[in-house]
There are 2 protein chains.
Amino acid sequence: MARRYDHSREELYEMILNEAHRQVMDGGLRSLSARKIAKEIGYSVGTIYNLFSNFDDLILHLNGRTLDLLFENLSVPPETLDPEDQLRELSMTYIKFTRTNQNLWNCLFDNRLLIRDGLPEWYNKKIDKLLELIEKAIAPLFSSLNSLERHQSAWVLWCSFHGICSLANFQSDNEEATTYAATLTDQLITNYIAGLKVYQPQ
Amino acid sequence: MARRYDHSREELYEMILNEAHRQVMDGGLRSLSARKIAKEIGYSVGTIYNLFSNFDDLILHLNGRTLDLLFENLSVPPETLDPEDQLRELSMTYIKFTRTNQNLWNCLFDNRLLIRDGLPEWYNKKIDKLLELIEKAIAPLFSSLNSLERHQSAWVLWCSFHGICSLANFQSDNEEATTYAATLTDQLITNYIAGLKVYQPQ
DNA sequence: GAGTTAATTGATCATTGTTCAATAAAAGGA
DNA sequence: TCCTTTTATTGAACAATGATCAATTAACTC
C-alpha cells in the first residue's frame, strides 16, 4: 500500500505524538517504541521515520508539546499579588504539573537529548516563554536598569524549581514527595526574595 | 570454561565498574553495553549478570561510585570561613565536578533509575553524606533548636545546585555553560543566605 | 492517459538486555 | 586419591529495539 492519504502530514504528526504521549504517560520513556506507535495508529514504522528524522527527534517534539502543556497550566498570576505570592502560585502549579505528569515531565530531561550540540531555536523559545512568567512576577523587585540581574534571578528560581521537583521524583512515597517539594519551594521563595529585597535598592 | 578464579568476586566487581565508568565517560549512558564490558574485561556477558541483578543495578552501583568520587572532591571547607564562603567553595567544586565528569554525573539522574520504588539504603546514605557537608556549612546561621529548618535549607540548596548544573548541561557552549552556572549559583547563595539572616533570629 | 511525484510498506540489519542449560573447575569429605 | 557437591563461567538463543531503503502504489500534473 502507498499514499493512502487517509491523513494529512499534520494529522499524522498529531496522531504519532498523541500516541507517544500516551505511552510515556503510562510507562515512561522506556515503554515508548516506534513499532508500538506505528501499530497503534495503524501505519508502519517507516511512516514515523518519514515524519521524524529519528527517535530522539520524536522525543524532542513530544517534549515541545509538554512545554506547551506546562505553559497552558501556568496561567499568569494577577499583578495585584506580591512578587512573592505570584511566585508561590506559579511554583505550586508547577509542582502539581510535574507530579501529575511525572513520566512526561521526566522525559524533558532525559540524557539522550543533551548529547547533541544545543537545542533547536523553536524549543528554546518555549522555555523562554516559561521563564518570562517568572521574570514578570519578580519584576517589581528590580529597578528597570537591572534587567540582567532580573533575568538571572529568574533563571536561578527556574533552575531551583526544576532541581527540587527533579529530586523529588526519586522519593518512593508519592504523597510525601509532593508535600516536601512544596515545603522546599516555599523556603526557597521566602529566603531568596527576602535576600533580593536586602540587596536590591528599591 | 568455568570457575577460572582469575579474579575474585570483588576484583570482578571493580573491573566491571571501571570499564562501565570508562564507557559512560566516553559516550554517555548510551554507549554503555553489557556485551562491550564483558568483551573488554575478557569475560562473557553471563559473568556480569552473575554480579549484578540487571543492567539498572549495574548503573546504580556505578552511580554509587560517582557519589563517592563527588564526596572525595568536596573536601570540608575550613570552619573559619563564613557560611556563605563555605557554600561558595563547596558549590564551585561541585560545578567543576559536574562539568568535568558531565556524562558520569548525568547518569546519576537517568530516568531509568526512578522507575523502581525508592533507592536502596546504602545509596541514600551516600547522598546524606553529601548533604551533611552543606548542613555543616550553614549550621552557624541556625539556632540549635532549628535543626529541621537547617536540614530543609540544606536540601533547598542541594536541589538548587543540582537544578542549575542539570540545566547547564543543555547549553551547547561548554565554557559559557560553566561560567553561567557559576554566576547563578553565586546569586542563589548570596540571596538565600541574606534571606536566612533576615528570618533566623540569631 | 501517460508520466511524475511522493507517501507507505515491511523485510532486513545490527544491537540491545536477559536467560539458562551445559560445562568445568575448585572445595569438601571419606 | 577419588567421588561428590558446589559454584563460577560460558555462549547460544530469545525477544525487542531503532533505523534503512528498494519496491510499490496512489495521487497529482499536464
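What you are looking at is a predicted structure, and each value in this text was computed from that prediction instead of being measured. FYI, side chains are in, hydrogens and waters are out, and symmetry mates aren't considered; it's all heavy atoms of this structure. Here is how names work: the chains are called A, B, and so on, in the same order as the sequence lines, proteins then strands, and each is numbered from 1.
In this structure, the nucleotide among D/dG18, C/dT16, D/dT10 sitting nearest to the side chain of A/Phe55 is D/dG18. Closest contact between the side chain of B/Tyr43 and the listed nucleotides C/dT8, D/dT9, D/dT17 involves D/dT9.
Distance CG (A/Asn54) to P (C/dA14): 20 Å, rounded to an integer number of Å. Atom CG in B/Asp110 sits roughly 13 Å away from atom P in C/dG17 (whole-Å rounding). The CG-P distance, from B/Asn50 to D/dT7, rounds to 11 Å in whole Å. Atom P of nucleotide C/dA7 and atom CZ of A/Arg9 are separated by 6 Å, given to the nearest angstrom. The interatomic distance linking A/Arg30 (CZ) with C/dG17 (P) rounds to 10 Å, in whole Å. C/dA7 atom C1' lies 18 Å from atom OH of A/Tyr49, rounded to whole Å. Here D/dA8 presents its C1' atom at 12 Å from CD1 of B/Ile16, a figure rounded to the nearest Å. When rounded to the nearest whole Å, the span between CG of A/Asp6 and P of C/dA6 equals 19 Å.
Residue A/Leu32 is in sugar-phosphate contact alone, with no base atom involved, counting any heavy-atom pair closer than 4.0 Å across all strands shown. B/Leu12 comes within contact range of the sugar-phosphate backbone alone, with a heavy-atom separation under 4.0 Å but no base atom that close.
Two rings, from A/His162 and A/Trp155, have their centers 6.0 Å or more apart. For B/Phe52 and B/Tyr13, the distance between ring centers is under 6.0 angstrom.
Shown are B/Lys36, B/Glu14, B/Glu40; of these, the side-chain contact (heavy atoms from CB on, under 4.5 Å) with B/Glu19 is made only by B/Glu40.
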Detail all sub-3.5 Å separations between protein N/O atoms and N/O atoms belonging to nucleotides 11-14 of chain D.
from, atom 1, to, atom 2, distance (Å)
D/dA13, N6, B/Arg35, NH2, 3.3

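Counting non-hydrogen atoms of other residues, nucleotides and ligands closer than 6.0 Å to NZ of B/Lys136 gives a total of 12 or fewer.
Between B/Cys165 and B/Trp105 the shortest heavy-atom distance is CB-CH2, 3.5 Å.
Residues A/Arg65 and A/Asn18 have side chains that bring a donor and an acceptor to within less than 3.5 angstrom of each other.
Classification of B/Glu121 and B/Lys125 as a salt-bridged pair fails, no side-chain N sitting under 4.0 Å from a carboxylate O.
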